[in-house]
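To keep things clear, I will list the structure first and then write my remarks on it.
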Amino acid sequence: MIFTGLRSGSWHMYAKRWTPHASIALLAFWYLLTLVYAWLTGADFVSRDQWHFVPMLDHYMSGTLDWHELWESHSEHVKPGYKLLFLLNARYLGLDIQAEVMVGMLLLGLMTILLIRDMRRSATTEPMPWLACLSAGLVMMSFNQWASYSYSLLTLGGFGGTLLQLALFIGFARLLQRGLSAWQMGLLTLVLFLAVFGFSGARGPAVVGACVLAAIAACLVDAPARRRILLAGVPFLLLCAASIAVYLKLLHFQSGRHVVLADELRASLADPLGTLAYVSGTLAESMLDLVQTRGISDSDAAVMGLAVVGYAILGWSLWRYFKAGLWRRSWVPLMLIAYSALFVLEVLIGRYGSEVQTQHGYEVPRYVFDSHMWLVGCAWILGLDWAQAGAKVRIRQAAVGVLLAMVVLEVVNLKSVQSYARYQIKAKAQAEIDLRAIAAGREGAEALPRWSCPNDKLCSRGIATLKQYHLDFARDTGSP
C-alpha cells in the first residue's frame, strides 16, 4: 500500500503522517523500556571483569595506590577512565554498581540525542525523514545489546566511550567539510584524549582508522578540502596515531601476555573461509540477536542468509553515498560504517586468531554496541538519499523499505529478549544471595556462576576486600 502511494507521487502524504511528535514519542518510550530493562536485569554488584579491579580498589582505599595500576589489564585493553570512576564510586557511593548502570543509560540517551541532532542538521535541502531518525535511534538503543544493559562496565565504560567516539566523528567530519576554529580544534583534541586514554580501550585504533579512511575519501572526491585536510586534518591524525602509540605503551598485561598481531593476522589469513564465516556471522549478529532468537543461531544457512541481506544493505548504502554525493552533507555515516568494519577486524585478529586456532564466537552480545554502528550509518545515508532524491521514486522506495526493515529487526530483538529477561532477573537475585552467603562464611566462591565470577580465588579475595571497606553488597555487614 505504501509503495503504491509512492508510485503515484503521493509519498509526501505518507512522510508527513509520520510526524516528528510520533517518532519522538516512540523513541522516548523505547528508551524508557531500556531503562526498565537495565534496572531489572543489571547486576547491581561486582561481577565479571570487575573482580580484577578490586585489588586496585584495596590499594586506593588504603592509600597505597600506584597510578600505574590504572593501566594494568588482564586482557588486550584497559579503560582507565572507567577504572577511575569505579574508584570514585567506592569512595563516595560505597561502590553502588546500580548507579553506574543508570549513569551509563543516561549517556546512551544523550548519545542518541546527539546522533539524531546531527542527522537532522546534515539534511539541508529537505528535512531528514523521521523514519531514518527513528531507525537510527532504535539501533542505538537496540535490545540486541542486552549484555551492555546488564553489566555496568559496558553500560558506563562502553556507552561513555561510544558517546565520546560519536562526538569525535562529528567534530572530525566538520573539519573535513569546512574546517574548525582554534577553540573547536582544542575541544576536538580534548575529546580525542578522553576517548583514547579514558574509555575507548582497544577500540581506539578502530576509531582513528575510521577517521583516516574518511580523510582519504575526502581527499579523493573533494578537491577544495584537500588543503584543509593537509593543514589541519593530517596533523590531527598524526596526533591520533601518537595517542594510540602512547596508550599501547602504557598498557600493561598483568599476565605478561602480549598479542603478536602479525601471528594473529597470519592465523586468520590461513583460514579464509573461517574468517569469512566469522565476519558474516558478526554482521548477522549485529542485525539480529542470534543468541536468543530460536532456530537462527543453530542454522548456518539462516545466519549466512541474514548476512547476505546485511551485505546488500551495506553495498547499496555505500553506492548511493558516493553516487549521489551524500558525502557533501556529512562524513559521519562513512566513519560509523568504517568503525564497525575495523572493530570487527580488531576482534578477529586479536581474539580469534592463533590464540584459539579456530574462527568462532561471533555470537558475542557484548560486541554488538560496536558492530552495529554500520546500521546507524546506513540509516543516515538512506535518510539523506530519501531527502534529496527528487522524483526518483525507486530510490525513495528502497530507502523506505530498508528503514522499515531496520525497525522490524529491532522489534524482533525486543521480543526475543523478553523471555531471557526473566532468567536474568532470577540469576541476578540468586547471585546476590550467593554473594551474601559467601561474605557471611556460609559458602565458598565456587558457588558463584561463571558469568558472575571468573576465578574462585580472585573472587574470594575480592569479597574479603569489599567486607573490609563495607562496599557493594557488603555495605550493611557492620563495622570492620
Side-chain angles (χ1 to χ4, degrees), residues 1-3 5-6 11-37 105 108-124 126-146 149 159 162-163 166 170 286-289 309-310 313-314 316-317 320-321 326 329-330 332-333 336-337 340 368-369 372-389 395-417:
M1 183 67 180
I2 187 171
F3 292 121
L6 287 174
W11 68 272
H12 285 285
M13 176 182 65
Y14 293 96
K16 289 180 180 178
R17 285 181 181 177
W18 195 265
T19 63
H21 301 291
S23 299
I24 292 172
L26 184 53
L27 286 169
F29 174 71
W30 195 275
Y31 178 62
L32 180 61
L33 290 179
T34 64
L35 285 177
V36 172
Y37 182 85
M105 295 303 295
L108 173 64
L110 180 60
M111 179 185 2
T112 305
I113 292 172
L114 178 63
L115 168 74
I116 293 176
R117 179 177 179 271
D118 207 61
M119 287 180 67
R120 300 281 296 170
R121 292 180 64 177
S122 67
T124 55
E126 291 187 40
M128 172 70 71
W130 274 96
L131 179 58
C133 296
L134 176 64
S135 302
L138 293 184
V139 172
M140 291 293 281
M141 299 183 292
S142 174
F143 280 90
N144 194 8
Q145 57 187 5
W146 54 266
Y149 300 146
F159 289 151
T162 305
L163 173 61
L166 178 60
I170 291 173
S286 70
M287 301 168 66
L288 189 66
D289 185 359
V309 173
I313 294 173
L314 182 59
W316 169 260
S317 299
R320 290 302 305 166
Y321 184 71
L326 302 177
R329 307 301 179 193
S330 178
V332 179
L336 292 173
I337 292 172
S340 281
V368 171
F369 74 109
H372 75 180
M373 297 304 290
W374 72 273
L375 278 167
V376 179
C378 288
W380 195 328
I381 291 170
L382 293 168
L384 289 173
D385 204 21
W386 179 353
Q388 73 165 28
I395 292 176
R396 296 183 186 278
Q397 289 176 346
V400 172
V402 175
L403 291 171
L404 286 175
M406 290 184 186
V407 173
V408 171
L409 283 172
E410 296 312 326
V411 173
V412 174
N413 285 326
L414 169 61
K415 181 65 177 177
S416 68
V417 84

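Note: hydrogens, waters and symmetry copies are ignored here, and every other heavy atom, side chains too, is used. In this chain, residues are counted from 1 in sequence order.
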Say whether, by atom type as modelled, one donor and one acceptor occur between the side chain of [X] and the main chain of [Y] under 3.5 angstrom.
{"X": "Trp30", "Y": "Met141", "result": "yes"}
{"X": "Arg120", "Y": "Met128", "result": "yes"}
{"X": "Asn413", "Y": "Phe143", "result": "no"}
{"X": "Thr112", "Y": "Gly137", "result": "no"}

Inset, instruction - Begin with the C-alpha distance, continue with both residues' side-chain angles, and end with the deciding distance and a verdict on side-chain contact (heavy atoms from CB on, under 4.5 Å) for Leu166 and Asp118. - result: CA-CA 10 Å; Leu166 178 60; Asp118 207 61; over 6 Å; no
Inter-residue atom distance [X].[atom1] - [Y].[atom2], 0.5 Å rounding:
{"X": "Leu27", "Y": "Ile116", "atom1": "CG", "atom2": "CD1", "answer": "5.0 Å"}
{"X": "Leu131", "Y": "Cys133", "atom1": "CG", "atom2": "SG", "answer": "9.0 Å"}
{"X": "Leu375", "Y": "Asn144", "atom1": "CG", "atom2": "CG", "answer": "9.5 Å"}
{"X": "Leu409", "Y": "Leu138", "atom1": "CG", "atom2": "CG", "answer": "11.0 Å"}
{"X": "Ser135", "Y": "Trp380", "atom1": "OG", "atom2": "CH2", "answer": "14.0 Å"}
{"X": "Ile395", "Y": "Trp316", "atom1": "CD1", "atom2": "CH2", "answer": "5.5 Å"}

Inset, instruction - Please assess Trp386 against Leu382 for the test side-chain contact (heavy atoms from CB on, under 4.5 Å), listing each intermediate value before the final yes or no. - result: CA-CA 6 Å; Trp386 179 353; Leu382 293 168; over 6 Å; no
What are the two closest non-hydrogen atoms of [X] and [Y], and how far apart are they?
{"X": "Gln145", "Y": "Met140", "result": "NE2-O, 2.7 Å"}
{"X": "Ser330", "Y": "Ser122", "result": "CB-CB, 3.9 Å"}
{"X": "Leu163", "Y": "Met111", "result": "CD1-CA, 3.7 Å"}
{"X": "Gly310", "Y": "Met287", "result": "CA-SD, 3.7 Å"}
{"X": "Val139", "Y": "Glu410", "result": "CG2-OE2, 3.7 Å"}
{"X": "Pro129", "Y": "Ala387", "result": "CD-CB, 4.0 Å"}

Inset, instruction - Measure up the Phe159 and Tyr149 rings against each other and bin them: parallel (under 30°), tilted (30 to 60°), perpendicular (over 60°). - result: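 If you compare the ring of Phe159 with that of Tyr149, the planes turn out tilted.
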Inset, instruction - Report yes if some heavy atom in the side chain of Leu384 is under 4.5 Å from a heavy atom in the side chain of Gln388; otherwise report no. - result: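 When only atoms from C-beta onward are counted, Gln388 and Leu384 do not touch, as no gap falls below 4.5 Å.
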Inset, instruction - Applying side chain to side chain donor-acceptor pair (under 3.5 Å), name anything that partners Tyr31, two or more places apart in sequence or on another chain. - result: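 None.
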Inset, instruction - Could you please spell out the steps behind the side-chain contact (heavy atoms from CB on, under 4.5 Å) verdict for Tyr37 and Val417? - result: CA-CA 10 Å; Tyr37 182 85; Val417 84; 3.4 Å; yes
